[in-house]
**Student:** 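What follows is a structure written as structure tokens; I'll ask about it next.
All of these numbers come straight from a predicted model, not from anything done at the bench.
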Amino acid sequence: MPADLAEKTDRYERLLADALDAATIAPPVGTPLAESAADYREMARSYLEDGRHFRANEDPVNALAAFSYGHAWLDAGARIGLFSVPDEGDLFTV
């Protein structure tokens with residue numbers, strides 16, 4: 001049975017918002033890697049805002065895509081060590 005678009009969009013929005021709250025920048029402040037982490041975080045936050053904008057304008061497909069892309073930025077950053085993330089749970093694939 002295919003996933004319900006509204007349910008999946010809700011789930012991915014929560015996943016991205018929770019992941020943004022859970023991820024902390026790992027490299028020391030003032031280093032190039034910390035700057036990269038801040039850029040990754042800003043991309044994720046921007047995609048969360050974009051997704052919410054699409055949802056408010058009744059465009060759930062693009063909302064889901066934006067939430068997914070935003071989470072991908074955080075997940076990629078966690079995998080390469082830009083973020084400290086929780087070991088337990090399902091927020092990250094690390």
**Student:** Working to the nearest 0.5 Å, report the span between CD of Glu49 and OG of Ser46.
**Tutor:** 5.5 Å
**Student:** Let me confirm one number: the CD-OH distance from Glu35 to Tyr40, rounded to the nearest 0.5 Å.
**Tutor:** 14.0 Å
**Student:** Are Leu64 and Val61 in one and the same hydrophobic cluster, where Ile, Leu, Val, Met, Phe, Trp and Tyr link if side-chain heavy atoms are under 4.5 Å apart?
**Tutor:** yes
**Student:** Of all the heavy-atom pairs spanning Ala34 and Pro27, show the shortest one and how long it is.
**Tutor:** N-CB, 3.6 Å
**Student:** What pair of heavy atoms forms the shortest contact from Leu82 to Leu33, and how long is it?
**Tutor:** CD2-O, 3.6 Å
**Student:** In a table with atom names and distances, give each donor-acceptor pair under 3.5 Å that connects a side chain of residues 51-58 to protein atoms at least two apart or in another chain.
**Tutor:**
from	atom 1	to	atom 2	distance (Å)
Arg52	NE	Glu13	OE2	2.7
His53	ND1	Asn57	ND2	3.4
His53	NE2	Asn57	ND2	3.3
Arg55	NH1	Asp10	OD1	3.1
Arg55	NH1	Glu13	OE1	2.5
Arg55	NH2	Asp10	OD1	2.8
Asn57	ND2	His53	O	2.9

**Student:** Grab the two heavy atoms, one from Thr9 and one from Pro60, that are nearest each other, plus how far apart they are.
**Tutor:** OG1-O, 3.7 Å
**Student:** What is the minimum heavy-atom distance between Leu74 and Phe83, and which atoms define it?
**Tutor:** O-CD1, 3.7 Å
**Student:** Do Leu15 and Leu91 touch side chain to side chain, with heavy atoms closer than 4.5 Å?
**Tutor:** yes
**Student:** So, for Tyr47 and Ala66, which heavy atoms are closest and what is the spacing to 0.1 Å?
**Tutor:** CB-O, 3.3 Å
**Student:** With sequence neighbours excluded, give me every side-chain hydrogen bond (donor to acceptor under 3.5 Å, both in side chains) pair touching residues 72-92.
**Tutor:** Asp75-Thr93
**Student:** Do you know which two heavy atoms are closest between Leu16 and Phe67, and how far apart they sit?
**Tutor:** CD2-O, 3.7 Å
